[in-house]
Structure formats: C-alpha cells, structure tokens
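First up is the structure itself, then whatever we jot down about it.
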Amino acid sequence: MTPDAPRPPKITAQRGTDGKDDTARPGLLLAEPDLKLAARATARFEGAGISVTVCHDGAEALLQAGAHHPAAVLLATPLPVVGAARVTELIARLHPVPVIVGAGPEGVEEATAALAAGAVAIVARPYRIEEILPFLTGGRPPGDGSAEPLVVGDIELDPIGFHVHVRGRAVQLPVREFQLLRYLMQHHNRVISRAELTRALWGTDAPDSNTLTVHIRRVRMKLREEAGSCCTIDAIRGLGYRLECSTARTPASSGA
C-alpha cells in the first residue's frame, strides 16, 4: 500500500441491528467453516455491539484481516485451506492483532499449534462471547485469573500451553474439560454451584441438565483413575461441586 492510498475500512461497512454505523463499533473477524455456528455466533456478538466480519477458511481470513483491520481475530479449528497456526503466524507478521482460537474435541492439536505461533488464548466452540469481548476492549477474559500456571495438590495446569500434569504425568483434556478443571482449581476447597459452573463454562444457567454432570465425571475419572491424583471433585448434594486434595490417593468419589 502506498502512503497516498486510502486506508481500508477498519470493519465491515454495514448498519448494525441497532441502526448505528458499524464503523463506530469494535470489529471481530470470525473464521468459522460451520455456517450455522457462524450465524449463531454473529448474532450473539452483534447483539453485544460487536461488528463481525465472517469468513469460512484460513485463506479468506488472511485477506479479510488485511482489508478490514479488525480489533481481534477468532479462528475455528480445524480451519480449512490454511491452518490456524499458519494464519496466526502471518497475522502476527502482517496485521498484528490478538488472535483467539476456538477448538472443539477435534481441533485441540491445531489450536495448540496456533498458541505456539502466537495466539493469545484457546476458547471452546460453540463460542461464549464473554470469553471474547475482553480482547476487543483491551481487558482479560473473565475468570482466567492469571496466565501463570496453577498448582493445586499434585495437579499442575498451564493455561497458556494448554497442558495438565499430575505428578509429572500428562493428562489429556478437551477444551471444555480443561476450562472446567481450571475453574475448579481457581476456586479449590470452595463449593461451587451448578449455576456458577454452567455460567462460567457455557454462559447460561441452564444447559442440557446432563451436560455438566458428564463433564464432571470425565474430569474426575481422568484425575483419579487414570492419573492417580490425590485430588477429587466432590459432589455436595443440593449445593454443587468442590475440588479437594488429600495427602494420599483415596478411592474415587462416587456419583456426580
């Protein structure tokens, strides 16, 4: 671009649902190959006053990042055509803005590679706008506490490298289970209600009634039965859940 060339618009020149010009609103570039998921996410972001430019593969994401100069970029994984790690690397070099990576169970490896390439965070798909908004306002995602590793009992969790170890042994967790364990570690020895957990992980007080129970059971099994941790997630009937650690391994807690 020459010095005299007009600068591309910062975000898509459209009218938002509130009737205001989108150029007055923070811009998010969303690269999401799932059309339905992209549409749902766009509606939620625009409802929060965020202008969204949507594309569906990594090559298009690079073009749109150069054209619209968004405040942040959200890349789904796996990302077609050009992978998320390469897109992250090129955006950091050509159009430096925060890159967030959205990962489901099949996208964790690519998301981790994108982190190594410079992405600032991994979030779960489907997306929660509460996790993305702080990157558009210069803040920090709510509830993440710090980028420093967490250590509770014999569990070590690295929120940047997306690693969990129990007594030095790696524990593989999908994104949502990782976020669940992180939240419990940040509030260990405290009873956390189901409503608080579902708000923190899914942005709602009432997901599918069995969803949280299933995630709790999976994390508990991986910690106690697979890794032999001294920590367990106790179900406190009528109240919620609590992460507690003993000095020695004890039988896994029953029920969720």
Side-chain angles (χ1 to χ4, degrees), residues 98 100-105 108 111-112 115 119-135 137-207 211-224 226-247 249-250 252-253 256:
I100 308 105
V101 184
V108 172
T112 303
L115 272 181
V120 298
I122 294 178
V123 298
R125 296 168 70 212
Y127 308 105
R128 288 185 52 230
I129 65 170
E130 295 87 352
E131 292 180 312
I132 313 301
L133 291 179
F135 293 102
T137 59
R140 184 183 292 248
D144 80 336
S146 170
E148 294 298 319
L150 295 170
V151 179
V152 176
D154 56 10
I155 308 172
E156 299 180 24
L157 183 147
D158 177 5
I160 299 300
F162 205 73
H163 300 301
V164 176
H165 289 87
V166 173
R167 301 178 186 177
R169 177 180 178 182
V171 178
Q172 302 299 321
L173 296 176
V175 175
R176 198 74 74 180
E177 292 175 19
F178 182 92
Q179 293 176 326
L180 171 60
L181 178 59
R182 181 176 65 173
Y183 196 88
L184 290 169
M185 290 178 69
Q186 289 170 331
H187 305 88
H188 66 280
N189 293 329
R190 177 169 79 80
V191 176
I192 306 173
S193 70
R194 291 181 63 91
E196 180 178 344
L197 281 171
T198 52
R199 279 196 302 270
L201 272 67
W202 288 278
T204 176
D205 289 346
T211 299
L212 178 60
T213 300
V214 169
H215 281 74
I216 289 284
R217 285 176 175 166
R218 287 175 178 168
V219 175
R220 179 190 291 145
M221 181 184 69
K222 290 174 182 178
L223 290 179
R224 300 303 300 270
E226 296 182 11
S229 176
C230 68
C231 302
T232 190
I233 304 172
D234 292 327
I236 312 301
R237 186 176 297 275
L239 295 177
Y241 299 95
R242 179 178 59 209
L243 177 67
E244 287 193 318
C245 302
S246 62
T247 57
R249 190 188 188 284
T250 57
S253 175

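Asp154 and Gly228 make their closest contact through OD2-O, 4.2 Å (heavy atoms, listed as atom of the first residue, atom of the second, distance). The two residues Thr213 and Arg194 come nearest to each other via the heavy atoms OG1-NH1, 3.2 Å. The two atoms that bring Pro98 and Val120 nearest to each other are CB-CG2, 4.2 Å, heavy atoms only.
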Practice problem: Determine, stepwise, if the pair Cys231 / Cys245 fulfils disulfide bond (SG atoms under 2.5 Å apart). | Solution: CA-CA 4 Å; Cys231 302; Cys245 302; 1.9 Å; yes
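Here the straight-line distance linking atom CZ of Arg176 with atom OG1 of Thr211 works out to 9.5 Å at 0.5 Å rounding. To the nearest 0.5 angstrom, Tyr183 atom OH is 6.5 Å from Leu197 atom CG. Of the inter-residue distances, the one linking Arg224 atom CZ with Thr232 atom OG1 reads 4.5 Å to the nearest 0.5 angstrom. Atom CD in Gln186 sits 6.0 Å away from atom CZ in Arg182 (nearest 0.5 Å). For the atom pair NE2 (His165) and CG (Asp158), the distance works out to 9.0 Å, reported to the nearest 0.5 Å.
Residues His188 and Leu184 fail the side-chain proximity criterion, which asks for heavy atoms closer than 4.5 Å. Contact of the Arg242 side chain with the Ile192 side chain is not registered, since no non-hydrogen atoms from C-beta on lie closer than 4.5 Å. Looking at heavy atoms from C-beta onward, Leu157 lies in side-chain contact with Phe178 at the 4.5 angstrom threshold. Contact annotation: the side chain of Leu223 approaches that of Leu181 to within less than 4.5 Å [non-hydrogen atoms, C-beta and beyond]. At least one side-chain heavy atom of Asn189 sits under 4.5 Å from a side-chain heavy atom of Glu244. No side-chain heavy atom of Tyr241 sits under 4.5 Å from any side-chain heavy atom of Asp234. A heavy-atom distance below 4.5 Å is found between the side chains of Met185 and Leu243. Between Leu150 and Ile155 there is no side-chain heavy-atom pair separated by less than 4.5 Å.
Using modelled atom types, one side-chain atom of Arg169 and one backbone atom of Glu226 make a donor-acceptor pair closer than 3.5 Å. In this structure a side-chain-to-backbone donor-acceptor pair under 3.5 Å is missing from Arg125 to Ala103.
Listed by chain and number, the residues in a side chain to side chain donor-acceptor pair (under 3.5 Å) with Glu177 are Lys222 (sequence neighbours excluded). The side chain to side chain donor-acceptor pair (under 3.5 Å) search around Gln172 returns none, not counting sequence neighbours.
Judged purely by distance below 3.5 Å, without hydrogens or angles, the side chains of Arg167 and Ser229 never pair a donor atom with an acceptor atom.
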